[in-house]
Amino acid sequence: MTDEPISLAKALASFDALWSPRIVTRVNDYDVRIAKVEGEHVWHAHDHTDEFFLVLDGELRISLREPGGERTVVLPRGAVFTVPRGTEHKPHAPSGAAILMFEPAGTPTVGDRHEEVPDHVDATTGHPLDG
């Protein structure tokens, strides 16, 4: 990690891979990750941690399976949302989006429980930001 300011615009411009988060910095034991997303992720759940989303550009939708049924939240640019731990969710961005996530270091992008992971989804704990 660097001790200099990080431009999120430059960081996002440094990679093209979709659904493949880059770790821009760490806060205590948490990673701050950015990702470019388009299309659908995978239904998954994080059993031990909440997952924070901030939409930097575009629009992100997150489908949630909750005790009362299934619903989808729509996050325009500048919106934040936290998926509670243990909640099955599926992020999707039909027109593409750039997002920032905040979660404990080492948290897998496909959670602790997930459906089969398609080729376009990078099952990772985040990649270092190059440059």
Side-chain angles (χ1 to χ4, degrees):
M1 300 298 142
T2 179
D3 60 354
E4 293 296 323
I6 298 165
S7 162
L8 292 179
K10 285 183 183 176
L12 284 163
S14 73
F15 66 97
D16 292 319
L18 297 175
W19 300 110
S20 183
R22 301 304 192 260
I23 301 167
V24 291
T25 191
R26 183 162 283 146
V27 179
N28 298 315
D29 297 331
Y30 282 74
D31 285 341
V32 178
R33 304 175 183 176
I34 57 171
K36 293 179 179 178
V37 299
E38 188 170 350
E40 296 190 351
H41 196 264
V42 60
W43 279 106
H44 67 285
H46 302 277
D47 291 333
H48 306 290
T49 185
D50 300 334
E51 187 171 19
F52 171 87
F53 293 88
L54 163 63
V55 178
L56 301 170
D57 195 26
E59 180 182 272
L60 180 69
R61 299 173 186 181
I62 303 174
S63 295
L64 304 159
R65 290 179 176 155
E66 299 172 314
E70 198 171 296
R71 72 178 175 123
T72 299
V73 294
V74 178
L75 307 175
R77 180 180 179 174
V80 300
F81 184 76
T82 300
V83 175
R85 72 188 68 204
T87 301
E88 281 188 276
H89 59 288
K90 180 179 186 175
H92 46 107
S95 302
I99 61 175
L100 181 144
M101 294 157 291
F102 187 73
E103 52 200 347
T107 300
T109 57
V110 294
D112 301 301
R113 296 178 283 119
H114 57 81
E115 63 184 11
E116 186 173 341
V117 179
D119 290 342
H120 73 276
V121 172
D122 185 9
T124 179
T125 56
H127 298 285
L129 183 64
D130 297 325

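Being a predicted model, the structure only gives us computed values, none of them experimental.
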Which residues share a side chain to side chain donor-acceptor pair (under 3.5 Å) with His41, sequence neighbours left out:
none
Those residues that, when tested against Glu66, pass salt bridge (Lys or Arg N to Asp or Glu O under 4.0 Å) (two or more places apart):
Arg71
List the atom pairs, with distances to 0.1 Å, where a side-chain N or O of residues 98-111 and a protein N or O form a donor-acceptor pair under 3.5 Å, not counting sequence neighbours.
from, atom 1, to, atom 2, distance (Å)
Glu103, OE2, Arg33, NH1, 2.9
Thr107, OG1, Pro104, O, 2.6
Thr109, OG1, Asp122, O, 2.8
Thr109, OG1, Thr124, N, 3.2
Thr109, OG1, Thr124, O, 3.3

Listed by chain and number, what are the side-chain contact (heavy atoms from CB on, under 4.5 Å) partners of Ser14, not counting sequence neighbours?
Leu129
According to ring pair (Phe, Tyr, Trp, His ring centres under 6.0 Å), does anything in residues 56-84 pair up with another residue at least two apart or in another chain? List the pairs.
none
Hydrophobic clustering (ILVMFWY, side-chain heavy atoms < 4.5 Å, transitive) - are Leu75 and Trp43 grouped together?
no
Which residue pairs satisfy the salt bridge (charged side-chain N to carboxylate O under 4.0 Å, His left out) criterion with at least one member in residues 6-25, sequence neighbours excluded?
Asp16-Lys36
N/O donor to acceptor pairs below 3.5 angstrom from side-chain atoms of residues 56-63, sequence neighbours left out:
from, atom 1, to, atom 2, distance (Å)
Glu59, OE2, Arg61, NE, 3.0
Glu59, OE2, Arg61, NH2, 3.1
Ser63, OG, Thr72, OG1, 2.9
Ser63, OG, His92, NE2, 3.0

List for me each residue that meets side chain to side chain donor-acceptor pair (under 3.5 Å) alongside Asp47, sequence neighbours excluded, and say none if there are none.
Arg113
Same apolar cluster: Val80 and Val24, side chain cutoff 4.5 Å:
yes
Please, which pairs that meet salt bridge (charged side-chain N to carboxylate O under 4.0 Å, His left out) have at least one residue in residues 85-94, sequence neighbours excluded?
Glu40-Lys90, Asp50-Arg85, Arg65-Glu88
Rounded distance (nearest 0.5 Å) linking atom CG of Asp31 with atom CD1 of Ile23:
4.0 Å
State which residues pass side-chain contact (heavy atoms from CB on, under 4.5 Å) with Glu38; sequence neighbours excluded, sorted by chain then number.
Leu18
Quick check: closest heavy atoms across Ala35 and Pro21, and the distance to 0.1 Å?
CB-CA, 4.0 Å
What orientation do Phe53 and His89 show, parallel under 30°, tilted 30 to 60°, or perpendicular over 60°?
perpendicular
Separation between CG of Leu54 and CD1 of Ile34, rounded to the nearest 0.5 Å:
11.5 Å
